[in-house]
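Here's the structure we're looking at; comments come further down.
Note that the numbering runs from 1 along the sequence shown for the chain.
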Amino acid sequence: MDAHEVNRARTKLALFVADVFASVPRKDQRVKGDCYLRGLMLDGRRKSIQAMAERLPDGNEQNLQQFVNQSTWDPVLVRRRIAERMVPQIGPDAWAVDDVSFPKDGEMSVAVAPQHCGALGKQANCQVAVSVHAVSDTASCPLQWRLFVPEEWADDAARRRKTGIPQEVGHREKWRLALDSIDELAGWNLVPPVLVADAGYGQNADFRDGLDGRGIDYVVAVRSDVTVHPHDAQPIAPAWSGNGRKPQPRYRDKPSPLSALAAGHGRQAFTEVTWREGSRGPMRSRFLALRVRPAGVRVRRLAQAAATAEHRHWDGVLPEVTLLVEWPDGAEAPSDYWLSNLPVGTPVAELVRLAKIRWRIEHDYRELKHGLGLDHFEGRSWAGWHHHVTLVTAAHAFLTEQRLAPKADTADSPSTRPSTPSKTC
């Protein structure tokens with residue numbers, strides 16, 4: 001946005017800030033929040049605090065630095081209000097779990113470490129955050145963030161003290177951080193219609209089991225080397241000799257990799273599905289849906305543990321899910337795979353639409369990063385990082401509201417409350 005557009009939106013932004021920053025106790029802090037959001041939205045290549053302060057007529061670098069890095073306002077309460085406000089407006093078809101990386105120099109930025117950096121496509125020094133987004137084909141909004149703390153930071157008392165990592169925060173796998181976020185959102189009475197994720201999460205049997213245990217439907221990507229049994233395969237218990245422990249039921253045949261199973265059905269088994277209208281026309285490809293039983297040691301142990309927890313004998317039967325496979329025209333072999341626990345009979349077109357809906361957050365990440373400076377924060381502290389990503393989320397939410405309904409009142413915004421007669425978007 002240029003300076004004229006930002007100024008024209010000031011009244012609407014002030015009402016937005018009054019609502020989503022209502023938990024921030026001091027008026028001067030809310031004023032700084034308004035200023036910071038304008039700095040993020042205003043055109044400019046760099047969205048560091050210094051650069052924004054120089055562009056804003058009321059920008060004060062010292063005040064903004066203090067507001068982001070030292071103030072004690074709770075970013076979780078602000079994110080909760082943003083989530084409560086935005087979910088009804090977006091009307092999500094799914095929630096998407098993802099992670100995003102922030103390349104960094106040095107060793108003192110909070111939770112920075114050499115690790116896989118998606119932004120660079122290689123191992124590099126970076127921070128990584130796990131995020132959960134409400135997603136539809138027309139809009140998305142981050143609902144929750146978790147900063148991943150690498151193992152090397154867990155017991156590094158000096159760096160933890162300098163960056164202000166809370167004592168109770170330690171190393172936790174990304175898939176667990178995703179489930180933690182979902183649990184916190186559930187505490188806010190927000191639950192996903194369906195959960196989608198890339199193979200970094202979908203590949204993990206514990207993550208899928210965690211979703212099942214929470215009663216959450218999912219469509220998650222997996223790699224081609226995941227092994228499965230056909231849905232109609234039956235485990236058989238070997239004959240017991242009468243001595244020792246009775247043998248556990250086992251599947252007679254070895255499980256097949258998804259790549260072999262899908263290719264074995266032949267190209268003719270795949271049907272064309274169109275899932276949305278793209279910028280260059282309809283998005284379509286060829287797909288096949290099959291019922292399968294994921295295999296592997298971890299899957300087996302989880303199934304057995306679930307039976308034990310329910311005080312029942314485990315019969316060796318592995319849980320059944322739907323496998324969705326894509327084989328694009330012109331490709332020599334299937335290219336992409338997803339597993340889903342949606343009910344039997346869910347149309348293939350619906351499975352495809354949900355499997356592909358993650359495109360929306362990739363689209364919005366470009367705005368979060370390149371337009372709103374998600375990865376431009378130059379501070380090093382735990383509090384500063386969480387304040388910054390929350391403020392970027394607020395700026396993105398405000399812009400999303402304007403695109404969704406530029407002339408209408410927002411759901412549960414101040415303008416819809418009987419005590420407030422003025423209108424806002």
Side-chain angles (χ1 to χ4, degrees), residues 94-95 97 175 179 182 191-199 201-238 247-266 269-271 273 287-327 334 336-356:
W95 287 7
V97 168
W175 67 269
L179 293 178
I182 291 168
V191 293
V194 180
L195 197 290
V196 299
D198 66 17
Y201 295 89
Q203 190 81 7
N204 190 299
D206 287 277
F207 179 68
R208 300 196 306 268
D209 183 70
L211 296 176
D212 272 323
R214 290 163 172 79
I216 295 174
D217 292 334
Y218 62 77
V219 181
V220 294
V222 292
R223 297 196 306 262
S224 62
D225 58 355
V226 165
T227 58
V228 296
H229 295 285
H231 78 283
D232 55 356
Q234 293 292 327
I236 298 174
Q248 292 288 328
R250 297 280 181 176
Y251 287 90
R252 178 177 297 176
D253 299 321
K254 289 184 177 181
S256 301
L258 296 183
S259 55
L261 179 69
H265 281 74
F270 289 68
T271 58
V273 175
F287 296 88
L288 174 67
L290 304 168
R291 296 294 288 179
V292 297
R293 299 182 187 276
V297 173
R298 189 58 185 160
V299 173
R300 182 179 179 86
R301 288 177 178 172
L302 289 169
Q304 191 167 8
T308 301
E310 296 172 3
H311 305 288
R312 60 181 174 84
H313 172 70
W314 186 50
D315 57 7
V317 176
L318 295 171
E320 184 179 357
V321 297
T322 297
L323 166 66
L324 178 69
V325 187
E326 179 180 3
W327 193 335
D336 294 284
Y337 305 82
W338 297 265
L339 295 179
S340 174
N341 66 346
L342 283 166
V344 177
T346 300
V348 175
E350 179 65 5
L351 290 171
V352 172
R353 189 178 74 86
L354 291 168
K356 295 289 189 177

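- Listed for the Thr227 side chain is no donor-acceptor partner under 3.5 Å among the backbone atoms of Pro257.
- The distance from atom CG of Leu324 to atom CG of Leu351, rounded to the nearest 0.5 Å, is 5.5 Å.
- The stretch residues 296-316 participates, sequence neighbours left out, in no ring pair (Phe, Tyr, Trp, His ring centres under 6.0 Å) pair at all.
- The side-chain hydrogen bond (donor to acceptor under 3.5 Å, both in side chains) test applied to Gln304 returns no partner, not counting sequence neighbours.
- Distance CG/Leu258 to CG/Asp225: 8.0 Å, rounded to 0.5 Å.
- Separation of atoms CG (Leu261) and CG (Leu290) is listed at 6.0 Å; rounding is to 0.5 Å.
- Minimum heavy-atom separation, Trp338 to Glu326: CH2-OE1, 3.6 Å.
- The nearest pair of heavy atoms linking Leu179 to Gly210 is CD1-CA, 4.1 Å.
- In terms of heavy atoms, Pro334 sits closest to Trp327 at CG-CE3, 3.6 Å.
- Not a single donor-acceptor pair under 3.5 Å links the side chain of Arg353 to the backbone N or O of Ala349.
- Environment of CZ in Arg291: crowded, with over 12 heavy atoms of neighbouring residues, nucleotides or ligands closer than 6.0 Å.
- Among pairs with a residue in residues 304-313, those fulfilling salt bridge (Lys or Arg N to Asp or Glu O under 4.0 Å) read Glu310-Arg312, at least two apart in sequence or across chains.
- The minimum heavy-atom distance linking Phe270 with Val325 is given by the pair CE2-O, 3.6 Å.
- Here the shortest heavy-atom pairing between Ala269 and His265 reads CB-O, 3.5 Å.
- We find the CG-CG distance between Leu288 and Leu323 to be 7.5 Å, quoted to the nearest 0.5 Å.
- Without hydrogens or angle criteria, Arg293 side chain to His231 main chain gives a donor-acceptor distance under 3.5 Å.
- Atoms OH and CG, from Tyr218 and Leu342 in turn, are 9.5 Å apart once rounded to the nearest 0.5 Å.
- Heavy atoms only, all atoms of each residue included: Asp253 and His229 are closest at O-CE1, 3.2 Å.
- Without hydrogens or angle criteria, Arg208 side chain to Gly202 main chain gives a donor-acceptor distance under 3.5 Å.
- Distance alone, capped at 3.5 Å, is enough to place a donor-acceptor pair between the Tyr251 side chain and the Leu318 backbone.
- To the nearest 0.5 Å, the span separating CG on Asp212 from CG on Asn341 amounts to 5.0 Å.
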